Amino acid sequence: MSSTLIKCFNLAKNVGNATVRSFLAVPKQPWQACSAVALQTPHAQMQMHTSAVRRDLMEFFDDKKNWSENEVKVGRAWRTEELRIKSNKELHQLWFVLLKERNMLLTMENECNDKMEVFPNPERIDKVKISMENLETVVRERNKAYHLLETGETGERPQKAVKNSFGLQVTYKSCEHALPPFMNLKWIKSRNIGFGGRAVNRFLLKYREQLYNAKRKAKNRSRNEVMMILRRNPNFDLNVLRRQFPDVDVDKLCNDDKIRGHYVPKVGS
């Protein structure tokens with residue numbers, strides 16, 4: 001290797017080292033300082049959290065001060081009219097709060113059952129589930145409105161009424177399949193269910209009879225309740241009874257002898 005080429009390599013090396021040292025000596029710009037602070041920040045603190053972060057498995061358990069309590073005071077469930085005024089971001093955050101609360105309550109309930117202890121306020125689980133159902137209802141309403149405005153369709157899965165193997169009417173929601181219907185033998189076997197026979201017909205007969213008896217007994221209970229009200233209070237407002245008991249013929253009961261007490265003589269006697 002010639003001496004000239006060696007001198008060129010040494011010169012390039014010295015110039016590179018000097019450039020790196022001068023770059024490190026230059027004061028950092030504001031954006032560089034912010035980047036350095038962001039890199040030093042723990043990853044758990046950079047995530048979005050809607051509640052207090054404990055960064056351990058104890059987040060699946062309730063606060064320790066509530067472990068020995070027999071009653072934990074909580075509020076009611078979220079209502080749909082309250083959720084409708086919130087933005088999509090707030091609903092998204094609230095969903096994760098309710099999800100974490102539900103996981104915590106289910107864990108505490110399982111732990112109390114294992115230790116044979118009383119789980120305080122078990123209705124908290126129902127309140128959280130009701131809140132999550134109301135939140136899903138509000139989100140579904142917004143999705144429907146958006147799709148109707150943009151495409152003229154609801155955007156939900158199409159559904160239709162079909163009959164199962166017991167002859168009862170159920171709702172079937174369509175879903176996507178890799179194969180077309182005429183090639184998907186598994187789908188054909190699961191949907192083309194032929195019901196019939198003596199056992200199924202007998203079941204349907206008793207099932208319809210059970211529904212009819214339940215409806216008849218409910219109607220009789222309402223009728224007897226209206227009769228007792230009119231017997232004890234002859235001057236009761238009939239319009240209120242018509243609104244409260246729409247399936248009862250109040251005008252017909254007013255002419256019935258059963259609504260008169262023993263102390264009221266019959267007309268024309």
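Owing to the predicted nature of the structure, the values given are computational and were not obtained by experimental measurement.
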Quick one: [atom1] on [X] to [atom2] on [Y], what's the gap to the nearest 0.5 Å?
{"X": "Arg221", "Y": "Arg216", "atom1": "CZ", "atom2": "CZ", "value": "10.5 Å"}
{"X": "Gln93", "Y": "Lys86", "atom1": "CD", "atom2": "NZ", "value": "9.5 Å"}
{"X": "Gln169", "Y": "Asn164", "atom1": "CD", "atom2": "CG", "value": "10.0 Å"}
{"X": "Leu105", "Y": "Glu109", "atom1": "CG", "atom2": "CD", "value": "8.5 Å"}
{"X": "Leu135", "Y": "Glu82", "atom1": "CG", "atom2": "CD", "value": "12.0 Å"}
{"X": "Leu241", "Y": "Asp251", "atom1": "CG", "atom2": "CG", "value": "10.5 Å"}

Next item on the list: Indicate yes or no: does Arg124 engage Glu101 in a salt bridge with an N to O separation below 4.0 Å.
Entry: no

Less than 4.5 Å apart, any side-chain heavy atom of [X] and any of [Y]?
{"X": "Cys175", "Y": "Arg157", "result": "yes"}
{"X": "Trp95", "Y": "Met132", "result": "yes"}
{"X": "Val162", "Y": "Thr171", "result": "no"}
{"X": "Lys115", "Y": "Glu111", "result": "yes"}
{"X": "Glu156", "Y": "His147", "result": "no"}
{"X": "Leu94", "Y": "Leu83", "result": "yes"}
{"X": "Glu141", "Y": "Thr137", "result": "yes"}
{"X": "Arg223", "Y": "Leu253", "result": "yes"}

Please confirm whether the backbone N or O of [Y] pairs with a side-chain atom of [X], one donor and one acceptor, at under 3.5 Å?
{"X": "Glu136", "Y": "Glu133", "value": "no"}
{"X": "Asn233", "Y": "Asn235", "value": "no"}
{"X": "Arg142", "Y": "Arg84", "value": "yes"}
{"X": "Lys127", "Y": "Gly75", "value": "yes"}
{"X": "Asn184", "Y": "Pro180", "value": "no"}
{"X": "Asn110", "Y": "Leu106", "value": "no"}
{"X": "Ser222", "Y": "Phe245", "value": "no"}

Margin query: To check you understand the geometry: which heavy-atom pair defines the closest contact between Asn121 and Glu123, and what is its length?
Written below: ND2-OE2, 2.9 Å

Inspect the surroundings of [atom1] in [X] and state if more than 12 heavy atoms from other residues, nucleotides or ligands are less than 6.0 Å away.
{"X": "Arg198", "atom1": "CZ", "answer": "no"}
{"X": "Glu81", "atom1": "CD", "answer": "yes"}
{"X": "Gln210", "atom1": "CD", "answer": "no"}
{"X": "Phe236", "atom1": "CZ", "answer": "yes"}

Would [X] end up clustered with [Y] when hydrophobic side chains under 4.5 Å apart are linked, directly or stepwise?
{"X": "Ile130", "Y": "Val138", "answer": "no"}
{"X": "Leu179", "Y": "Leu185", "answer": "no"}
{"X": "Val248", "Y": "Met228", "answer": "no"}
{"X": "Leu204", "Y": "Leu211", "answer": "yes"}

Margin query: Go through it in stages, so that I can follow the logic: the residues are Val128 and Arg102, the test is side chain to side chain contact (heavy atoms under 4.5 Å, CB included), and I'd like the CA-CA distance, side-chain angles, deciding distance and then a yes or no.
Written below: CA-CA 6 Å; Val128 172; Arg102 187 191 67 176; 3.8 Å; yes

Notebook entry, point to check: Can Arg242 and Asn239 be counted as having a side-chain donor-acceptor contact under 3.5 angstrom?
Noted result: yes

Note to self: Just by distance, no angles: are the side chains of Arg79 and Asn134 close enough, under 3.5 Å, to form a donor-acceptor pair?
What the structure shows: no

Checklist line | side chain to side chain contact (heavy atoms under 4.5 Å, CB included) evaluation trace for Tyr207 with Leu168 | finding: CA-CA 10 Å; Tyr207 180 73; Leu168 302 178; 3.7 Å; yes

Margin query: Could you go through Leu230 and Leu238, starting from their C-alpha distance and side-chain angles, then the distance that decides it, and tell me whether this counts as side chain to side chain contact (heavy atoms under 4.5 Å, CB included)?
Written below: CA-CA 9 Å; Leu230 292 177; Leu238 300 181; 3.9 Å; yes

Note to self: Can you tell me how the ring of His92 sits relative to the ring of Phe96, calling it parallel under 30°, perpendicular over 60° and tilted otherwise?
What the structure shows: tilted

